[in-house]
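Notes follow the structure.
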Amino acid sequence: MTNNNPIGVFDSGIGGTSIWSAIHDLLPNEKTIYLADSKNAPYGQKSKEEIVALSKKNVEFLLENNCKLIVVACNTATTNAIFELRADYDVPFVGIEPAIKPAANNSQTQVIGILATKGTLNSELFNKTAEMFQNTKIIEQVGYGLVQLIEDGNLYSPEMTQLLESYLQPMIEANIDYLVLGCSHYPYLIPQIKKILPDHIKIIDSGEAVARQTKNLLQDKVGFSESTDNDPIFYVNSDPKVLESILEYKYPVIKKDF
Ligand code: DGL
């Protein structure tokens, strides 16, 4: 099955590029369009209604650009809006949720930590999933302030280190052996997080799982691209400089209102 249309990927900002990278690595022949809604970031503190409205706006822009499949590269948007998106649009969606299952299933201490936004941790979808793991103690922590610091390009600031220490220290004391990164911005914090966590605590995120699921959907339902035009397109609706730097200046970024 062939389908040369692009895959659309969106996030509240630049963090979803961690998911985009996993997709691009697994499916290098696919054309991708990435939307960073940085003007409206962070989503994590917004109401469900606001998150649904912003997600629909992003989807409509991607559909105007003929996307054949849309990846919601944002845990907050997935856990608050994926049902509404699937109900309103025919295009297939892949969402991202905190990887509780592999952490809970592999934990030796039966204690795991989850760092995510308030919107994700308060969502019905997240809480339903968490309830399925009654034998595991889940230490939930809202990553207040982290997304904003990343969006502002302050990844390595003393303020970042201080916030991370305050969020992770109680988890270390509670004896977690897995830390789940439940926000697509947080993989960019792994070097700083590793400096705080003891070596035996494993860090997991959902990037590769999302890429595999995207590939399966292309295979089973949508079709792979055979076009040679596969240069990715990045759109951002605020200052492009942080997105350019997180992409290590490898790709052009277009500033556009959407
Ligand atoms: N990348 C989004 C997520 O995965 C960030 C949320 C936000 O904008 O607060 O949840």
Side-chain angles (χ1 to χ4, degrees), residues 8-23 34-59 62 70-85 93-100 103 113-127 129-130 140-155 160 163-164 167 179-190 193 203-211 213-214 234-239 242-243 246-247 258:
V9 181
F10 79 84
D11 179 34
S12 62
I14 63 173
T17 52
S18 65
I19 311 300
W20 172 85
S21 295
I23 294 169
Y34 182 90
L35 278 196
D37 192 14
S38 297
K39 190 172 77 182
N40 295 302
Y43 283 9
Q45 302 290 106
K46 296 190 193 297
S47 68
K48 177 180 168 72
E49 290 68 32
E50 286 173 299
I51 297 166
V52 170
L54 290 168
S55 299
K56 286 187 176 175
K57 163 191 77 73
N58 298 334
V59 165
L62 291 170
I70 293 179
V71 179
V72 184
C74 176
N75 293 261
T76 312
T78 301
T79 53
N80 284 277
I82 196 94
F83 290 116
E84 288 78 358
L85 296 178
F93 287 95
V94 176
I96 175 169
E97 286 176 64
I100 306 177
I114 303 207
L115 193 60
T117 69
K118 186 174 164 200
T120 295
L121 294 177
N122 284 347
S123 69
E124 212 181 307
L125 186 56
F126 172 81
N127 284 290
T129 311
E140 297 175 15
Q141 174 64 54
V142 174
Y144 293 109
L146 301 180
V147 168
Q148 196 58 57
L149 283 173
I150 297 169
E151 287 291 320
D152 293 342
N154 292 323
L155 259 87
M160 179 67 87
L163 283 180
L164 286 173
Y167 299 153
L179 171 67
V180 178
L181 302 182
C183 169
S184 56
H185 280 68
Y186 299 166
Y188 288 111
L189 302 177
I190 288 175
I193 291 175
I203 303 170
I204 50 175
D205 64 71
S206 318
E208 280 172 26
V210 169
Q213 206 186 331
T214 304
F234 291 89
Y235 289 116
V236 63
N237 52 12
S238 68
D239 189 344
V242 183
L243 179 55
I246 216 121
L247 294 168
F258 55 84

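Note that these values count all heavy atoms, side chains included, but never hydrogens, waters or copies made by symmetry. Ligands are counted one by one from 1 in listed order, and the atoms in each one are counted from 1 as well. Keep in mind the model is a prediction, meaning the values are calculated, not measured.
- Closest to atom 7 (C) of ligand 1, if we only count protein heavy atoms, is Tyr43 N, 3.2 Å.
- Put simply, the side chain of Asn40 never gets that close to the backbone of Ser12: no donor and acceptor are under 3.5 Å apart.
- Set against the non-hydrogen atoms of Gly44, the atoms of ligand 1 under 4.0 Å away are 7 (C), 8 (O), 9 (O).
- In terms of heavy atoms, Asn237 sits closest to Lys39 at OD1-N, 2.9 Å.
- Taking a cut-off of under 4.0 Å to the non-hydrogen atoms of Pro42, the atoms of ligand 1 that pass are 7 (C), 8 (O), 9 (O).
- Heavy-atom distances between Gly15 and ligand 1 stay at or above 4.0 Å for every pair.
- Per-residue contacts place Ser12 under 4.0 angstrom from the following atoms of ligand 1 (heavy atoms of the residue considered): 2 (C), 5 (C), 6 (C), 7 (C), 8 (O).
- A distance-only check finds no donor-acceptor pair linking the side chain of Ser206 to the backbone of Ala209 [under 3.5 Å].
- Counting atoms of ligand 1 from 1 in the listed order, those under 4.0 Å from a heavy atom of Thr117 are 6 (C), 9 (O), 10 (O).
- Heavy atoms of Asp11 found under 4.0 angstrom from ligand 1 belong exclusively to the side chain.
- Listed by atom number, the atoms of ligand 1 under 4.0 Å from Thr76 heavy atoms are 3 (C), 6 (C), 10 (O).
- Here the side chains of Val59 and Leu62 are not in contact, with every heavy-atom distance at 4.5 Å or above.
- Between the side chain of Tyr186 and the backbone N or O of Asp205, no donor-acceptor pair lies under 3.5 Å.
- With a 4.0 Å cut-off on non-hydrogen atoms, Cys74 touches ligand 1 through its backbone as well as its side chain.
- Lys48 places a side-chain N or O within 3.5 Å of a backbone atom of Asn80 that can act as its donor or acceptor partner.
- The aromatic rings of Phe234 and Trp20 sit perpendicular, their planes meeting at an angle over 60°, well past the 30° parallel limit.
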